[in-house]
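Following: one structure in structure tokens, then a few remarks.
In this text, all values refer to a predicted model and were calculated from it rather than measured experimentally. All chains are named by letter (A, B, ...) in the order of the sequence lines, taking the proteins before the strands, and each is independently numbered beginning at 1.
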Protein chains: 2
Amino acid sequence: MANRMGYLSCLDTVKPVRDAIEVINGKWKLPIIISVMTGNERFTDIQESIPGITPKVLAKELKDLEQHQLIKRVVVDDYPVKILYKPEPYADTLTPIIDALKGWGLNHRKRIFSKE
Amino acid sequence: MANRMGYLSCLDTVKPVRDAIEVINGKWKLPIIISVMTGNERFTDIQESIPGITPKVLAKELKDLEQHQLIKRVVVDDYPVKILYKPEPYADTLTPIIDALKGWGLNHRKRIFSKE
DNA sequence: TATTTCACTTTCCTTTTGGAAAGCACTATA
DNA sequence: TATAGTGCTTTCCAAAAGGAAAGTGAAATA
């Protein structure tokens, strides 16, 4: 039969998708970005706005997001010193991804509740 | 000063985004869906189309994706038996997410290479 | 008969992620 | 002076993700 064909290459799509996933991977990064873009600036506010997140995880993820220039950590030198987290302009480029995920998640939940 | 205000709620966005992330989490699920949607049907073809994936991980992720009704495992009763993986119609609903991630990843790579 | 292919599974091990709880330095408030 | 809040860090530990390598059973091919 000699029906052995190679696989179909999909690297044109897989590679950039993987690059994106590497930046926003995990349960927490997008929720944190959403919270900061919503206007939460203080560590405790961000923490309270995301149910289930612990300070350890939040601190680590904030550092990651800072490195990728999605948010910035601002130290305000009043007395007492205040620390604020603000979205960088680059964070806005994630909006299409967030919107797509939000739309899908909303629909998925409807689908699940109508089935079972 | 009494400047204590509650945090800003962002659950309207965070909750559906988390629902979506739970389904497509990890490094591998979207690449697998992309490969299957591209037309790769056989286990080995999917494996070869995604650099770095091991058969253990692929087998596990395929089961997860089947459970979420994103792909189906089809046993073709020729001799020898063939096993094919096909996208379910529901997988098409992920296209906006994949496109958004692809676009972002492409731009991100350009950004990184132009900076450093 | 020997090798190869297919679709995995199994074992073992390392890394990553995450959670619970406590602590801490500083400041503010009662 | 005692308590509370802020922005974390530290410790300890469990679970999940992931990788490397080998194996498996059935069937096809050489």
Just how far, in rounded Å, is [atom2] of [N] from [atom1] of [X]?
X     : N      : atom1 : atom2 : value
B/K60 : C/dT11 : NZ    : C1'   : 18 Å
B/I32 : D/dG18 : CD1   : C1'   : 13 Å
B/Q47 : D/dA21 : CD    : P     : 14 Å
A/N25 : C/dT17 : CG    : P     : 6 Å
B/R73 : C/dA7  : CZ    : P     : 9 Å
B/L58 : C/dC6  : CG    : P     : 14 Å
B/W28 : D/dA17 : CH2   : C1'   : 11 Å
A/R18 : D/dA17 : CZ    : C1'   : 14 Å

Side chain of A/T54 (C-beta onward), nearest among C/dG19, C/dC6, D/dG7 | C/dG19
When rounded to the nearest 0.5 Å, the distance separating OH of B/Y85 from CG of B/L62 is 5.0 Å
[X] side-chain N/O to [N] phosphate OP1/OP2 under 4.0 Å:
X     : N      : answer
B/T44 : C/dA7  : yes
A/K27 : D/dA15 : no
A/K82 : C/dA28 : no
B/Y85 : C/dC8  : yes
B/R42 : C/dC6  : no

Of A/G26 and B/E41, whose nearest nucleotide on DNA chain C comes first from the 5' end?
-> B/E41
For the salt bridge (Lys or Arg N to Asp or Glu O under 4.0 Å) test, which of B/K102, B/K27, B/R109, B/R111 pairs with A/D19?
-> B/R109
Looking only at heavy atoms, what is the nearest atom pair of A/T38 and B/S9, with distance?
-> CG2-O, 3.9 Å
Is the B/Y90 ring parallel, tilted or perpendicular to the A/H108 ring (thresholds 30°, 60°)?
-> parallel
Check every strand shown and say whether B/P80 touches a base, only sugar-phosphate, or nothing at a heavy-atom separation below 4.0 Å.
-> sugar-phosphate
Classify the side chain of A/K56 versus the base of C/dG19 as yes if they form a donor-acceptor pair under 3.5 Å and no if they do not.
-> yes
With respect to B/R73, which candidate in B/K63, B/K86, B/E66 satisfies the side chain to side chain contact (heavy atoms under 4.5 Å, CB included) definition?
-> B/E66
